[in-house]
Each structure stands twice: as C-alpha cells, then as structure tokens.
Amino acid sequence: MNKYIGIDLGTSAVKLLLVGSDGGIFNETQEEYPVFYPKGGWSEQNPEDWINAIVRGMKTLLVGTDPSEVKGISFGGQMHGLVALGRSDEVVRPAILWNDGRTAEETAYLNDAVGRDKLSAFTANIAFAGFTAPKILWMKKHEPENFARIAKIMLPKDYVAYMLSGVHCTDYSDASGTLLLDVKNGKWSDEMCGICGVKKEWLPELYPSHAVVGTLKPEVAKRLGLSPSVKVIAGAGDNAAAAVGTGTVGDGACNISLGTSGTIFVSSGSFGVDKANALHSFRHADGGFHLMGCILSAASCNKWWVEDILRSDHGVEQKDMSALLGKNDVYFLPYMMGERSPHNDVDARSMFVGMRPDSTRSGMGLAVMEGVTYALRDCLEVAKSNGVKVGRTRICGGGARSELWRTVVANVFGIPVDTVCTEKGPSYGAALLAMVGCGEYASVAEACDACVSLRSAVLPDEKLVKAYEKGYNVYRSLYPAMKDVFKLMKNMG
C-alpha cells in the first residue's frame, strides 16, 4: 500500500503522521521545540529547530515501514509567521510567530491610515496584529539592517517545504493570512506590496494546496531515510488543513478547533467578505473559500489553568465540573495573548469575574472552558450577521478530546457537535492533500469522502441551551466594560 506523510508544524511541537491510501494510520510521533519570548507579548522561534525536530521525528515515524512505500509529503502549519531569508537563503532573524503582539502600531497604521475599506478591497481582510504584513512593517522600522537583507519572505510550513524541495512556494490558504494576497482573485496584491515595501520577487510562488511543488532533494532524502522520488505537496495553513482532516469541505460545512488557539471555520463554495471585517475571509484548501474566526488562546487557557495554576497533571475531576453545567456563575475572559476575532485588541487581558467566598476550583475550571467557548460564540454571531447558517459542526484539537468541553460547545452553540473517527488535526488533512497530489484521489472532497468518517455526536440539551444563552449574554457584556481598563493597564507597564 502507498503511504503518505502529513506534517503539522505547530507552535510548540511538530506532529508527523504516516497514513495509508485508505486513510488508515500506520504511525505517528511528535517532537517539541522551544518558543522564545524576548519581550512581553513577543513570540519567536528558530526555523532550524523545526527542521531538526522533523528529522528526529522521521526516524521514529518510519520504524517498521519500507521507505519505498512513501509517495508524498505535505504540510499543515502555523499561519502568519514571518520567516525572512537572505540572498543565500539564510534565515535573517528568528521567525516572528502568529501570536506575537508587537505590531500594534503597524496594525493601527494599516487599519486607520491606509484604511480598513482599502485593505478589505485589496485583500478581503483588515489588519490583525498576528498577520504577516504588520510584522514586515515592524521589521522595516525597527530592524532596517535586517529588512535590507531580505530576499525571500516565507511562512513557517513553506520554509520547511523549501528546505525539503528547494522550491520557494506557498499555497493559497496560508497566503490568505499574510494580508498580501488578493484573496478574491488569487494573486499577490500589488497595492499591499507597495504599502509594505515588499518586492514581488520576495514572495514565493502560489500553488493550490494539493499541488506537487517538487521532490525531496537527494541530500534531504538521505537525511530523512526516504527516496528522493517522494513528492512534496504544497499543503495548507493549519486551520484549512484541520478542516480537510475532519471532512469540512464544500459549501456550508463547519469545524471548530480547540488547539493552542481556537477557530470556527465555515467553508464556502463562493467568495464572501465579513461586512464588519471581524472574521477572516480566506481561501480554503479544497479550492473554495472560508470565513474564519480565530481566538488567540483556547486549549492553552486550560493548560495554563491546570499546569501553571493548579500545578496538576489532570486538573479538577470532570464529574465535579459536569455537575455545574448551566449553573456556573464564574466567568473567564480568555484573552491571554490579547485577542484577534472579533475584537482585534492586542491590549485585551484574561480575567476571572464573579468570584465569591464559595467559588471553587471546579467552577473556575469550568469557567475556563466556557469562556473559550463563549469567545468562539462571539465569532459565530458575526458569521450569522453575514447570513451564514450553521446547523451542525465538527470539532478537533486537543480540547476536543474532552467530552465535557464538547458538551459545553454543543450547548453554548445550540447545535450538534460531531467528532470524527480519526481526529489528528492538520497532520491528517496534510496527508489527505498529499494523496490528492500523488493521484490517489481526484479531488480533496473525494479524499475526504473516502477517508473521513464520524465517530460520535454530542447533542444539545434544551435546558442547558437556555441556561447558556443567559450566560452568554452576561459574558458578551464583559469585554466592552473592560476595554478601557485594559488600555489603562497597558499604560502602567
């Protein structure tokens, strides 16, 4: 049987998946690497760490496999990161990541001086602090000597693809998050390149997500233990790849991801723009489009609560939190890294609200899950205002492994929540894209139909839906009440 490798280049680790042409998983592994925080709100990584982690992981992944059976490799990767390469393709500086918050000034310049209307016309989106274009402007202003060295601008997964194939490439879904792509027409925006001082030759060639961009370089193939005939397929941004991995393709399908960040992803066969520009309008890996709301902190909030605050391996007993469903009067704002959708506020902070002497760890733990879910509901409400109808959703990501959290989502959203049999996130979607690129399937939709099946569903409970509707109305009033306070807190720093 032919086999395919899906690589998910995440924020804290790379996940590698070995998948057969029927969608069955043969092996998987994960290798971690560090994130560096040079200053408050900054977030960086060394691209060399990504490559070394992949090489380490490949040795484990291929144990017991005939390397000649591997036909293709593709990627899902953290979006928006700025990887700047010099004239010899050397990395100019550490990559600035998607959750880096240093670009408040540049983001304000793009939205206010250039103008939201113009940005939306050029790219279908406005500027968010995590996007690539504001990072380029920041580098131009604060590191002019590094900016002068730029010969290529790449996204994280595309740097990996380049190191494997020697081809400077990107795909339409990942490029959509740079604020340099004309999303509607599928080409780099001349206007945005001019605004950001970017030369068109700095930008990689654009490919469909399932397109073959090249094969493994011989020296790389030897290092990975694979044949140089293995095809390298463009891949997709992590959210689009995760959507493929859950079969969220075609018109009107929805996926919620509870990873480090959280997203609500609604696919569409036609181009559309959120009137308020609170959601992202991107191209999808299936060849269509999607609207997406992204909150910067999701499962990472729960990780912080359990590991850093409770200093526990397992947190609070699930049954203790389950008993509080629909009754919890503690609220949590999940803005650990500021917030993207729908507030676009780098100054926003996380907080607990409603504490009393009888408040418990169970209530606070459940509030974390509820707060993240309410924040995603904020994004859904914006989608609804654009005429989008979501009657059911699929779910993925580390947080989705919790039945309790899936129950919270089903009742806060008031819709059934489906889990898939094979929930491996972007790495599985990447493997499916590799299959399409190598000819196993004729289209992304066909690959999803053949390989993705549903395992179970959590249905909403009428009483809980009503309770959470009241809870959401309280939650949605908290950010407006605190917005000016967050700015005061920033000025104290």
Side-chain angles (χ1 to χ4, degrees), residues 1-9 15-29 54 57-58 61-62 64-77 157 160-161 164-165 167 169-174 207-216 220-221 224-238 240-250 253 255 267 283-288 394 396 420-455:
M1 179 185 291
N2 292 336
K3 296 176 182 176
Y4 300 88
I5 295 173
I7 296 177
D8 172 17
L9 189 74
K15 300 172 185 176
L16 294 89
L17 204 62
L18 184 64
V19 183
S21 55
D22 62 353
I25 295 175
F26 283 91
N27 203 0
E28 61 183 303
T29 190
I54 290 170
M58 201 68 72
L61 189 74
L62 297 175
T65 293
D66 179 353
S68 67
E69 295 177 331
V70 178
K71 303 302 179 183
I73 295 178
S74 191
F75 318 90
K157 81 170 191 340
V160 175
L164 268 56
S165 69
V167 178
C169 60
T170 192
D171 81 290
Y172 292 101
S173 72
D174 214 357
Y207 290 87
S209 296
H210 64 270
V212 176
V213 301
T215 56
L216 291 178
V220 172
L224 296 178
L226 293 169
S227 166
S229 65
V230 171
K231 294 178 180 178
V232 178
I233 288 82
D238 53 3
V244 170
T246 59
T248 308
V249 297
N255 183 57
S267 66
R283 288 198 165 227
H284 191 4
D286 68 351
R394 298 184 180 187
C396 66
V420 294
C421 292
T422 304
E423 201 291 275
K424 298 296 180 183
S427 57
Y428 194 69
L432 297 184
L433 292 172
M435 293 181 198
V436 178
C438 292
E440 289 282 357
Y441 298 99
S443 67
V444 176
E446 183 180 303
C448 290
D449 286 342
C451 299
V452 180
S453 56
L454 298 182
R455 185 182 73 211

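Heads up: numbering here begins at 1 and tracks the sequence.
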Measure the spacing between [atom1] of [X] and [atom2] of [Y] and express it to the nearest 0.5 Å.
X	Y	atom1	atom2	value
Asp238	Leu9	CG	CG	9.5 Å
Thr248	Asp286	OG1	CG	10.0 Å
Glu446	Glu440	CD	CD	10.5 Å
Ile5	Asn27	CD1	CG	10.0 Å
Asn255	Thr246	CG	OG1	3.5 Å
Ile54	Thr29	CD1	OG1	12.0 Å

Which atom pairs, donor and acceptor, lie under 3.5 Å between side-chain atoms of residues 420-435 and protein residues at least two apart or in another chain?
from: Glu423; atom 1: OE1; to: Gly397; atom 2: N; distance (Å): 3.3
from: Glu423; atom 1: OE2; to: Gly425; atom 2: N; distance (Å): 3.1
from: Lys424; atom 1: NZ; to: Glu28; atom 2: OE1; distance (Å): 3.1
from: Lys424; atom 1: NZ; to: Glu28; atom 2: OE2; distance (Å): 2.9
from: Ser427; atom 1: OG; to: Lys424; atom 2: O; distance (Å): 2.9
from: Tyr428; atom 1: OH; to: Gly23; atom 2: O; distance (Å): 2.8
from: Tyr428; atom 1: OH; to: Cys451; atom 2: O; distance (Å): 3.3

(Q) Between Ser173 (side chain only) and Arg283 (backbone N and O only), is there a donor and an acceptor less than 3.5 Å apart? (A)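 Not at all, since once roles are kept as given, no pair shorter than 3.5 Å links the two residues.
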**Q.** Side chain Tyr441, main chain Cys448, donor-acceptor under 3.5 Å
**A.**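 No, because the side chain of Tyr441 does not come within donor-acceptor range (under 3.5 Å) of the backbone of Cys448.
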(Q) Apply side chain to side chain contact (heavy atoms under 4.5 Å, CB included) to residues Arg394 and Val452 and explain how you reach the verdict. (A) CA-CA 12 Å; Arg394 298 184 180 187; Val452 180; 3.9 Å; yes
Does any non-hydrogen side-chain atom of [Y] lie less than 4.5 Å from one of [X]?
X	Y	result
Pro208	Tyr172	yes
Asp66	Lys3	no
Leu216	Leu226	yes
Met58	Val70	no
Val167	Tyr207	yes

Q: State which residues pass side chain to side chain contact (heavy atoms under 4.5 Å, CB included) with Val212; sequence neighbours excluded, sorted by chain then number.
A: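 If we apply the side chain to side chain contact (heavy atoms under 4.5 Å, CB included) test to Val212, skipping adjacent residues, the hits are Lys231, Ile233.
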Q.
Looking at Lys15, I'd like to know if its NZ atom is crowded, meaning that more than 12 non-hydrogen atoms belonging to other residues, nucleotides or ligands lie closer than 6.0 Å.
A.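 No, not enclosed.
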Could you tell me which non-hydrogen atom of [X] sits nearest to which non-hydrogen atom of [Y], and how far apart they are?
X	Y	value
Cys438	Gly72	SG-CA, 3.9 Å
Gly76	Ala241	CA-CB, 3.8 Å
Asp171	Ala234	CB-CB, 4.2 Å

Q.
Using the rule side-chain contact (heavy atoms from CB on, under 4.5 Å), only one of Asp174, Asp8, Ile7 pairs with Lys157; which is it?
A.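 Of the listed residues Asp174, Asp8, Ile7, the side-chain contact (heavy atoms from CB on, under 4.5 Å) partner of Lys157 is Asp174.
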